[in-house]
Amino acid sequence: MTGRRWKLAHGRHLDFGDKALVMGILNVTPDSFSDGGAFDAPGRALEQARLMIGEGAVIVDVGGESTRPGAAPVSAAEEQGRVLPVIAELAKAGDALISVDTYREETARLAVEAGAHIVNDVWGLQREPGIAKVAAETGAGLVIMHTGRERQKLPDVIDDQFLFLRRSLEIAHAAGVGEDQIMLDPGFGFAKEAEENLELMARFSELAALGYPLLAGTSRKRFVGHVTGRDATDRDAGTAATSVILRMQGAAIFRVHNVAINVDALAFADAMLARNANPSGH
């Protein structure tokens with residue numbers, strides 16, 4: 001995907017080259033699985049966003065509803081009350097690209113109006129397909145994520161990725177979303193057991209057949225704890241290891257809680273990729 005451009009709202013874009021890009025997670029929620037309540041006040045959220053940008057995040061992903069298993073749903077009004085003020089303040093600063101983590105059409109539209117450049121939908125357009133219309137009308141970048149929740153999955157993890165994501169892509173195309181607006185996310189941890197996540201990591205490069213840039217979101221997930229034996233707040237080193245593995249297999253963007261450790265780890269992955277591409281170079 002080197003040399004490809006991702007078109008975003010408000011006339012912005014990202015170019016994929018020889019360096020991995022990092023998206024910092026900003027949960028403005030009281031109950032997210034590893035940092036719930038830490039940044040649910042606007043002041044603390046903005047401070048954390050500035051920290052992540054300083055550490056090398058090119059995107060800040062703002063979410064107002066926890067997606068952890070068993071999390072209590074929130075109303076659209078409550079979600080919007082959490083994310084819109086933060087997005088508006090980040091947009092004023094202009095320091096980074098802004099993503100909104102939502103599956104609601106209304107929240108997505110209001111977030112882009114407030115200054116967001118990207119819509120990140122964990123239901124892959126299949127909960128509220130109108131999100132695709134928002135992206136088409138605003139030019140927002142669109143992250144389409146795979147999930148295994150509330151449906152019967154195919155036995156093979158890659159076959160299931162293709163089944164779900166192709167359905168999502170049909171929705172996007174029917175709404176008029178541009179090919180250069182789309183990013184795919186295989187949805188690590190979303191209704192996937194530890195062994196399924198490891199299989200997905202091992203075969204990640206097969207997803208390139210779908211023809212779109214790929215985002216990896218492994219940060220502090222339960223399967224990282226399964227491998228390392230660490231609690232959710234102590235999984236950043238394990239996360240960085242997964243980032244390196246997935247970068248070597250073609251992932252372009254990495255959605256993480258701890259930006260600094262992943263930026264450093266990915267610098268080594270990029271150095272190895274560059275060396276492999278030019279083995280005689282020094």
Side-chain angles (χ1 to χ4, degrees), residues 4-14 21 23-29 49 58-67 73-92 94 96-147 149-150 164-187 190 210-215 217 252-253 255:
R4 187 161 182 168
R5 173 163 289 187
W6 189 24
K7 290 190 177 178
L8 313 174
H10 309 298
R12 301 288 295 274
H13 66 267
L14 272 177
L21 303 175
M23 171 188 281
I25 299 169
L26 186 61
N27 290 318
V28 287
T29 59
V58 296
I59 306 167
V60 175
D61 189 43
V62 184
E65 179 173 356
S66 175
T67 55
V74 302
S75 68
E78 187 171 2
E79 178 191 39
Q80 292 157 19
R82 292 172 177 176
V83 303
L84 295 179
V86 173
I87 289 170
E89 286 302 314
L90 285 173
K92 284 181 188 176
L97 295 168
I98 306 161
S99 170
V100 60
D101 181 359
T102 186
Y103 59 84
R104 291 186 174 94
E105 176 184 356
E106 181 186 25
T107 302
R109 188 176 299 280
L110 291 172
V112 176
E113 289 176 1
H117 307 92
I118 299 160
V119 177
N120 178 13
D121 182 5
V122 299
W123 285 95
L125 313 180
Q126 296 186 39
R127 175 65 72 87
E128 292 197 16
I131 278 195
K133 184 180 177 183
V134 173
E137 293 176 352
T138 64
L142 184 61
V143 179
I144 299 173
M145 198 195 81
H146 173 283
T147 183
R149 292 180 180 175
E150 298 183 13
F164 182 91
L165 291 172
R166 281 173 174 157
R167 188 177 300 141
S168 296
L169 288 166
E170 288 174 2
I171 295 169
H173 294 151
V177 179
E179 293 285 286
D180 51 6
Q181 291 175 251
I182 296 171
M183 166 83 56
L184 300 181
D185 177 353
F190 280 76
L210 288 163
Y212 295 91
L214 298 168
L215 182 149
I253 294 182
R255 182 180 182 274

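Side-chain atoms are counted along with the backbone in the values below, which use heavy atoms only and exclude waters and symmetry mates.
Screening residues 174-183 for salt bridge (Lys or Arg N to Asp or Glu O under 4.0 Å), with sequence neighbours left out, gives Lys7-Asp180.
Trp123 places none of its side-chain heavy atoms less than 4.5 Å from the side chain of Glu128. With a 4.5 Å cut-off on side-chain heavy atoms, Ile59 and Leu21 do not count as touching. In this structure the side chain of Leu215 never reaches within 4.5 angstrom of the side chain of Asn120, judged on heavy atoms. Annotation: side chain of Leu184 is in contact with side chain of Leu169 (closest heavy-atom distance under 4.5 Å). Contact of the Ile253 side chain with the Trp6 side chain is registered, since non-hydrogen atoms from C-beta on lie closer than 4.5 Å.
A side-chain donor-acceptor contact under 3.5 Å links Ser168 and Gln126.
Rounding to the nearest 0.5 angstrom, the gap separating the CE atom in Met145 from the CZ atom in Phe164 is 7.5 Å. Here the NE2-CD distance, from His10 to Glu113, works out to 9.0 Å after rounding to the nearest 0.5 Å.
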Practice item. Before giving the answer on side chain to side chain contact (heavy atoms under 4.5 Å, CB included), spell out for Thr102 and Val83 the whole-Å C-alpha distance, their side-chain angles and the decisive distance to 0.1 Å. Key: CA-CA 10 Å; Thr102 186; Val83 303; over 6 Å; no

Point to revise | Evaluation steps, side chain to side chain contact (heavy atoms under 4.5 Å, CB included), between Leu125 and Leu142 | key: CA-CA 10 Å; Leu125 313 180; Leu142 184 61; 4.0 Å; yes

Review point. Given Ile98 and Val60, is the side chain to side chain contact (heavy atoms under 4.5 Å, CB included) satisfied, shown in steps?
Key: CA-CA 5 Å; Ile98 306 161; Val60 175; 5.5 Å; no

Check your understanding: When you look at Leu210 and Arg166, which way does the side chain to side chain contact (heavy atoms under 4.5 Å, CB included) test go after all the steps?
Key -> CA-CA 8 Å; Leu210 288 163; Arg166 281 173 174 157; 4.0 Å; yes

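For Asp61, the salt bridge (Lys or Arg N to Asp or Glu O under 4.0 Å) partners at least two apart in sequence or on another chain are Arg255. For Glu78, the side-chain hydrogen bond (donor to acceptor under 3.5 Å, both in side chains) partners are Arg82, not counting sequence neighbours. With sequence neighbours excluded, no residue forms a salt bridge (Lys or Arg N to Asp or Glu O under 4.0 Å) with Glu170. Under the salt bridge (Lys or Arg N to Asp or Glu O under 4.0 Å) criterion, Arg167 pairs with no residue at all, not counting sequence neighbours. Taking Gln80 as the reference, Glu106, Thr107 meet the side-chain hydrogen bond (donor to acceptor under 3.5 Å, both in side chains) condition, with sequence neighbours excluded.
For the pair Ala96 and His117, the tightest heavy-atom approach, listed with the atom from each and the gap, is O-CE1, 4.0 Å. Closest heavy-atom contact between Ala49 and Leu26: CB-CD2, 4.1 Å. The two residues Val112 and Ala9 make their nearest non-hydrogen contact at CG1-CB, 4.0 Å. Contact record, Ala172 with Ala132: CA-CB, 4.1 Å, taken as the closest heavy-atom pair. The heavy-atom pair separating Pro129 from Ile171 by the smallest distance is CB-CG2, 3.9 Å. Considering all non-hydrogen atoms of both residues, Val177 and Ala135 come closest at CG2-CB, 4.2 Å.
Under the side-chain contact (heavy atoms from CB on, under 4.5 Å) rule, Val119 has a single partner from Asp101, Leu8, Ile131, which is Ile131.
No donor-acceptor pair closer than 3.5 Å links the side chain of His146 to the backbone N or O of Gly124.
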